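Written out below as structure tokens is the structure these notes cover.
Below, each value reflects all heavy atoms present in this structure, side chains not excepted, and no hydrogens, waters or symmetry copies. All of these numbers come straight from a predicted model, not from anything done at the bench.
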Amino acid sequence: MEVNLGSLPFGLDFHPSDQLVAAALITGDFHLYRYSADAAPLKLLDVHAHDDSCRAVRFINGGKAIVTGSSDHSILATDVETGSPIARLENSHEDAIYSLINVTESTIASGGDEGCIKVWDTRQRTLCSSFNAHEDYVSDMTFVSDAMKLLGTSGDGTLSVCNLRKNTVQTRSEFSEEELASVVLMKDGCKVVCGSQSGTLLLYSWGYFKDCSDRFTGFSPNSVDVLLKLDEDRIITGSDNGLISLAGILPNRIIQPIAEHSEFSIEGLGLSHDRKFLGSISHDLKLKLWNLDDILQGSILTVSQADAPDSDSDEMDVDNKGTTNKGASKGHAVSSSNSFFADL
């Protein structure tokens with residue numbers, strides 16, 4: 001299934017419990033579609049959310065609201081049922097917003113082009129943390145709830161670890177000599193996997209973030225722009241040649257190409273709430289929905305003892321001294337759409 005979005009898409013997200021998918025567009029709009037297995041996606045909303053490009057989109061409040069981030073520096077919450085704005089936060093970053101994720105039931109995180117990561121409390125309607133984590137755009141983030149750590153990747157070639165308990169940038173990796181574009185947590189929290197502009201996957205052992213413990217070069221020279229965790233041992237990758245692949249981590253191998261969206265770069269990947277559909281967006285201006293059972297048929301990865309993680313003594317709470325934040329992130333839904341920045 002596919003739909004022509006009419007403009008370049010920058011982000012997509014699936015509803016946490018319904019057959020809905022949203023796409024963020026360069027025009028500042030976002031589209032909301034209802035999909036099913038036996039019909040073309042039906043457009044429910046076409047909302048002009050921002051004056052400049054809409055860079056990121058996420059469902060919050062159990063899917064009752066959609067939050068978007070823009071290069072116009074603003075964050076907007078929109079009601080899913082009516083398409084009406086709930087509240088807008090102007091000038092949330094000094095520069096354009098590049099990435100956006102859910103953190104907890106009452107917090108979201110935004111990453112800007114200036115390298116700053118901010119965490120917003122949607123109940124208290126305040127900024128609760130600001131981390132000067134990077135020197136270039138924050139390309140991706142993921143939240144580790146057990147450790148209360150927010151991991152970020154950046155165009156400056158580093159991986160950051162923000163400690164939400166101590167309100168500090170706990171550590172940052174050494175410069176990797178290539179832009180890092182995406183990040184996921186694998187192997188039951190033991191390994192952090194980052195995609196890069198060169199196509200190399202960098203693997204970091206938990207607690208040892210200064211330098212990577214392994215490099216997987218199987219995708220080179222095509223950049224790995226998007227990583228989507230399928231399970232603890234497998235990831236789905238999106239590359240700049242339009243190819244979507246299934247890869248195994250430790251042992252590191254490309255299991256198989258699973259789809260070819262187009263000849264253009266993959267901008268975003270997502271899984272439906274029931275994990276029956278894989279969504280992809282690309283520079284061909286299309287949102288495509290793939291039947292996950294069909295494309296993964298015959299690709300089951302059997303993990304043996306020989307495939308186990310390496311022998312690094314990874315501990316979840318190893319602290320490396322980092323830079324203290326100088327200001328006042330694929331997680332859970334925010335609790336109340338009506339309170340989202342309502343007074344701002």
Side-chain angles (χ1 to χ4, degrees), residues 10-11 53 55-56 69-71 73 92-101 103 108-119 127 129-144 149-164 166-185 191-217 219-227 237-240 265-268 319-327 329-330:
F10 282 145
S53 59
R55 293 274 196 88
S70 171
S71 54
H73 308 192
S92 60
H93 280 256
E94 293 181 3
D95 212 329
I97 296 171
Y98 194 96
S99 50
L100 190 69
I101 65 166
V103 177
I108 60 171
S110 56
D113 277 4
E114 80 281 17
C116 185
I117 294 174
K118 296 188 177 185
V119 179
L127 173 69
S129 298
S130 181
F131 303 97
N132 295 318
H134 296 282
E135 298 176 0
D136 205 337
Y137 68 96
V138 180
S139 56
D140 195 15
M141 296 175 288
T142 192
F143 177 61
V144 186
K149 306 286 173 60
L150 191 60
L151 308 182
T153 51
S154 172
D156 65 10
T158 65
L159 167 71
S160 66
V161 181
C162 298
N163 188 322
L164 270 61
K166 298 182 178 180
N167 213 29
T168 64
V169 179
Q170 178 175 306
T171 190
R172 193 167 69 169
S173 71
E174 299 293 339
F175 176 59
S176 63
E177 299 183 357
E178 53 197 342
E179 295 182 15
L180 299 185
S182 45
V183 58
V184 293
L185 187 68
K191 293 294 177 180
V192 177
V193 183
C194 300
S196 73
Q197 191 179 42
S198 70
T200 300
L201 298 186
L202 279 64
L203 278 66
Y204 294 85
S205 296
W206 184 267
Y208 302 87
F209 300 109
K210 285 297 183 181
D211 197 7
C212 63
S213 60
D214 196 8
R215 291 174 180 264
F216 176 32
T217 61
F219 294 96
S220 297
N222 300 110
S223 68
V224 179
D225 297 323
V226 188
L227 293 178
T237 66
S239 298
D240 65 355
S265 176
I266 301 295
E267 282 288 333
D319 281 346
N320 296 306
K321 296 298 183 182
T323 305
T324 303
N325 72 300
K326 299 179 180 179
S329 252
K330 292 181 170 56

Minimum-distance pair of heavy atoms, taken over all atoms of Leu164 and Phe143 | CD2-CE1, 3.9 Å
Pair Ser205, Lys191: side-chain N/O donor-acceptor within cut-off below 3.5 Å | yes
Decide yes or no on side chain to side chain contact (heavy atoms under 4.5 Å, CB included) for Val169 and Phe131, but give the supporting numbers first.
-> CA-CA 6 Å; Val169 179; Phe131 303 97; 3.8 Å; yes
Is there a side-chain contact between Thr237 and Leu227, using heavy atoms and a 4.5 Å cut-off?
-> yes
Backbone N/O of Val183 and side chain of Asp140: donor-acceptor pair under 3.5 Å | yes
Side chain to side chain donor-acceptor pair (under 3.5 Å) with Glu179: which residues, sequence neighbours excluded?
-> Tyr137
Side chain to side chain contact (heavy atoms under 4.5 Å, CB included) evaluation trace for Phe10 with Ser53 = CA-CA 9 Å; Phe10 282 145; Ser53 59; 3.8 Å; yes
Is there a donor-acceptor pair under 3.5 Å between the side chain of Ser213 and the backbone N or O of Leu203?
-> yes
Closest approach of Leu202 to Leu180 (non-hydrogen atoms, all atoms of both residues) = CD2-CD2, 4.2 Å
Just do the side-chain hydrogen bond (donor to acceptor under 3.5 Å, both in side chains) check on Ser139 and Thr153 with the steps written out, would you?
-> CA-CA 6 Å; Ser139 56; Thr153 51; 2.9 Å; yes
Side-chain heavy-atom pair Val193, Phe216 within 4.5 angstrom cut-off | no
Would a 4.5 Å heavy-atom cut-off, applied to side chains only, mark Trp206 and Val192 as touching?
-> yes
Donor-acceptor pair, side chain of Ser176 and main chain of Thr158, under 3.5 angstrom | no
Heavy-atom pair of closest approach, residues Ser223 and Asp225 | OG-OD1, 3.0 Å
Spatial distance of atom CD (Glu177) from atom OG1 (Thr200) [nearest 0.5 Å] = 11.0 Å
Closest approach of Leu159 and Cys194, non-hydrogen atoms and distance?
-> CD1-SG, 4.1 Å
Which distance, rounded to the nearest 0.5 Å, do you find between the CG of Leu201 and the SG of Cys212?
-> 11.0 Å
Asp113 side chain to Asp95 backbone, donor-acceptor under 3.5 Å | no
Would a distance-only check, ignoring hydrogens and angles, find a side-chain to backbone donor-acceptor pair under 3.5 Å from Ser154 to Asp136?
-> yes
Just how far is it from atom CG of Asn163 to atom OG of Ser160, taken to the nearest 0.5 Å?
-> 12.0 Å
Which atom pair, heavy atoms only, marks the closest approach of Ser110 to His93?
-> OG-NE2, 2.7 Å
Min side-chain heavy-atom separation Ser130-Cys116 under 4.5 Å | yes
To the nearest 0.5 Å, atom OG of Ser92 lies from atom CG of Leu100 at 9.0 Å
Shortest non-hydrogen contact between Arg55 and Ala96, atoms and distance = NH2-CB, 3.8 Å
Lys/Arg N to Asp/Glu carboxylate O, Glu178 vs Arg215, below 4.0 Å | yes
Are the side chain of Lys210 and the backbone of Arg172 linked by a donor-acceptor contact shorter than 3.5 Å?
-> yes
